[in-house]
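Working notes for the structure below.
Here is the naming used below: chain letters follow the sequence lines, and residue numbers restart at 1 for every chain. Only this structure's heavy atoms are used, side chains among them; waters, hydrogens and symmetry mates stay out.
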Amino acid sequence: MTLYARFAAHIDAVLDSLVAAGDLPEGLERRNVTVEPPRDPSHGDLSTNAAMVLAKPAGTNPRALAEKIAAGLGAIDEVVSAEIAGPGFINLRLAESAWRGELQAIADAAGDYGRSDQGRGITVNIEYVSANPTGPMHMGHCRGAVVGDALASLLEYAGNTVIREYYVNDAGGQVDVLGRSAHVRYREALGEAVGEIPEGLYPGDYLVPVGQALAQEFGDTYVAAPEGEWLALFRTRAVAAMIVMIKDDLALLGIHHDLFSSEAELQAAGKPEAAEAELRSRDLVYDGVLERPKGQTVEDWEPVELPLFRSTQFGDDQDRPIRKSDGHWTYFGADLAYHYQKAQNADELIDIWGADHAGTVKRIQAAVAALTHGKTRFDVKLVQMVRLLRDGEPVKMSKRSGNFVTLADVVEEVGKDVVRFTMLTRKADAQMDFDFAKVVEASKDNPVFYVQYAHARIRSVNRKAAEAGIVCGAVDLSLLDAEDLAVVKLAAQFPRIVEAAALSREPHRVAFYLGDLAAAFHALWNLGNDRPERRFLLANDAPTTCARLFLANAIGQIIVNGLAIMGVAAVEEMQ
RNA sequence: GCGCCCGUAGCUCAGCUGGAUAGAGCACGAGACUUCUAAUCUUGAGGCCACAGGUUCGACUCCUGUCGGGCGCACCA
């Protein structure tokens, strides 16, 4: 059990004893009781708000209650002092042995330090990327891919069972366009001079091999045939090829989904009909006519009766059609059924979307709330745009000509780990710049470098110690002093950072924490510049060196664990 | 016109899902170092948390309104 978890239990036990003694009523809600490091270190090592949270429901005042709680906490062995401060905070000062113990715990747990059972028994389905299968991955998809994948790892680390899912939109008009584009390339492969790819089709040359494969397989059978004879076939083949390509691109980032769900198969299996029937039976789908959209003129608008989902009952501002007037499912209609399906195989759902889809969040949340009777937690994480820069200048992209920056190009240029880390250095819903020069810069301004450098230093000092003939057996941690233990205090927070990040679905917190931890380590290291006795490696003092290496390796372990959540490998040395 | 996201130091951003005197980096001021424990270090200044109300022991955080920026607004995905 980690230090913070142990103290949460300590507080619980003290509260129990107060209940038993009749000083507190039974059954008080303790969910808001926290144990945290105080923002100001002079307040002590740990702080709890228990008295303030419980005073009111207990019908007493915070200071009086704090007295009793503090008395109980003060009796614990590893607590040096328990003081009441401010409006009723209880500040604890811990014995140094507590931090040495935690340091040992980090070493013992190693790769598992920070793992939590907070999510045990809860299966979370996280759907991310889900780019249309009409071309290779470009940088527009990159951030959502990384955020989704890191969030999935984070949830696993926090104890959840995770399903990583990709929704393949292979049923709409866009894949028809893909099929027609493939047909052009097919004719080209058979020797026809097709010239410019016609406006409205996909011009990218990634379809050339698809056309060649089709030519190889079918000869000239479909060259002059009417579209009806080949469209479905070509569409299917092209989509399959695109999925292969997308999987390859994702693999470059170390991303592997557990499940690719096809919209076409979903529809073929009648899932939308089933969802519609369910909702109609509860009068949540009805046939109605939408009002003319306000604030903008729609040329060919005419009132049409459509099957509408009552999303307004769940906070949306308009009911939403689930079928088009031609009888086909709308994207929303199919997506609603898709989420219904996901909810049947998971306890909680997460979607990672581009911010340009923000307008459709409410309706899908409404749908999930309706279909699961409000029982399934469902978060939509909106991921903001990334502006690509090269030395401060925006990188020009033209989607029309197919001249976009592909994910594969970027990964090749700066590397998977740099891409992944950088994508997590901002809150997902904040815009960010990605400057090819800055992300690989070797300076402390670059968090990717700074964190990796800390780890490399730790590996390096181990190598140097070995070269100096220092061999560590049993390590005496009492040789670590307050300055050393200050870093341990930060290290000890890793487990609660993981838990909080998982609960709030914010993987960027891990990146920021690692930056803080690396900074603390570098600061400790830098003490050795002016004070040689503070160096990690002391050639004539093996016991102290070993104790400090033990500390360094614990920090290194946490960096490794944190980077693993982010899907980034720790380096042994720089360059 | 409506909805969503955002507004924190000159700049780029954190702020542990309501806690104590709001933090970091860059840039700026002052000092140190000339170094392989290298790819700097120490320190200072810098704030009406857009604005105005409300909720409560306590608000950057939650609620309402205003201002400002971005995105999206019939059966497109």
Counterpart base for [N], defined by Watson-Crick or G-U wobble contacts under 3.5 Å:
N	value
rC73(B)	rG1(B)
rC62(B)	rG54(B)
rG31(B)	rC41(B)
rC26(B)	rG10(B)
rG18(B)	none
rC36(B)	none

By side-chain hydrogen bond (donor to acceptor under 3.5 Å, both in side chains) - contacts of Gln384(A) (at least two apart):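 Gln384(A) satisfies side-chain hydrogen bond (donor to acceptor under 3.5 Å, both in side chains) with no residue once adjacent residues are dropped.
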Answer with yes or no whether Ser47(A) presents, from its side chain, a donor or acceptor under 3.5 Å of a partner atom in the base of rA20(B).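 A donor-acceptor contact between them is present.
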Look at the side chain of Asn49(A) against the base of rA20(B) and say whether a donor-acceptor pair falls under 3.5 Å; ignore hydrogens and angles.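 Between rA20(B) and Asn49(A), which were checked side chain against base, a qualifying N/O pair under 3.5 Å is absent.
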Strictly below 4.0 Å: does [X] bring a side-chain N or O up to OP1 or OP2 of [N]?
X	N	value
Arg534(A)	rU37(B)	no
Lys56(A)	rU56(B)	no
Trp525(A)	rA38(B)	yes
Lys427(A)	rC5(B)	no
Arg323(A)	rC75(B)	no
Arg457(A)	rA38(B)	yes
Lys444(A)	rA39(B)	no
Asn529(A)	rA32(B)	no

With a 4.0 Å cut-off on heavy atoms, is [X] in touch with a base, just the backbone sugar-phosphate, or nothing at all?
X	value
Met432(A)	nothing
Ser504(A)	nothing
Gln365(A)	nothing
Ser460(A)	nothing
Tyr513(A)	nothing
Leu537(A)	base
Pro87(A)	base
Ala523(A)	nothing
Asp170(A)	nothing

Using a 6.0 Å distance limit plus a 45 degree cone around the ring axis, check whether Arg363(A) lies over the aromatic ring of Phe309(A).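 No, Arg363(A) does not sit over the ring of Phe309(A).
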Between Arg390(A) and Phe436(A), is NZ or CZ placed under 6.0 angstrom from the six-membered ring centre and within 45° of the ring axis?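 Geometry flag: set, cation within 6.0 Å and 45°.
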Do [X] and the base of [N] stack face to face, with centres under 5.5 Å apart and an angle between planes under 30°?
X	N	answer
His43(A)	rA20(B)	yes
Phe89(A)	rA20(B)	yes
His508(A)	rA14(B)	no

Using heavy-atom distances to pick each residue's nearest nucleotide on RNA chain B, tell me which of Gly172(A) and Asp433(A) is more 5'.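 Nearer the 5' end of the strand: Asp433(A).
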Using the closest heavy atom to pick a nucleotide of RNA chain B for each, name whichever of Thr34(A) or Phe536(A) lands nearer the 5' end.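 Upstream on the strand: Thr34(A).
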Among the candidates [options], find the nucleotide nearest to the side-chain atoms of [X].
X	options	result
Asp356(A)	rA20(B), rC71(B), rA77(B)	rC71(B)
Val53(A)	rC13(B), rA39(B), rG19(B)	rG19(B)
Glu263(A)	rA77(B), rU21(B), rC16(B)	rA77(B)
Asn132(A)	rA77(B), rC41(B), rC16(B)	rA77(B)
Pro321(A)	rC75(B), rC41(B), rC16(B)	rC75(B)
Val304(A)	rU12(B), rU37(B), rC75(B)	rC75(B)
Ala430(A)	rG15(B), rC5(B), rA14(B)	rA14(B)

Measure from [atom1] on [X] to [atom2] on [N] and round the result to the nearest Å.
X	N	atom1	atom2	result
Arg509(A)	rA14(B)	CZ	P	11 Å
Arg320(A)	rA77(B)	CZ	P	15 Å
Arg387(A)	rC71(B)	CZ	P	13 Å
Arg377(A)	rU17(B)	CZ	P	13 Å

Is it true that Arg377(A) and Asp379(A) have a side-chain N and a carboxylate O under 4.0 angstrom from each other?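 Here Arg377(A) pairs with Asp379(A) in a salt bridge, since their nearest N and O are under 4.0 Å apart.
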In terms of side-chain heavy atoms, does Tyr4(A) have a donor or acceptor partner in Glu102(A) at a distance below 3.5 Å?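 Not at all, the side chains of Tyr4(A) and Glu102(A) share no donor-acceptor pair under 3.5 Å.
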Candidate list Ser81(A), Ser47(A), Ser42(A), test side chain to side chain donor-acceptor pair (under 3.5 Å), partner Asn91(A), passing option: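 Single pass found, and it is Ser47(A).
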Between His141(A) and His138(A), what is the ring plane arrangement, given parallel below 30°, perpendicular above 60°, and tilted in between?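 Ring orientation, 0 to 90° scale: tilted.
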Tell me whether the rings of Tyr453(A) and His522(A) are parallel (<30°), tilted (30 to 60°) or perpendicular (>60°).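 Ring orientation of Tyr453(A) relative to His522(A): tilted.
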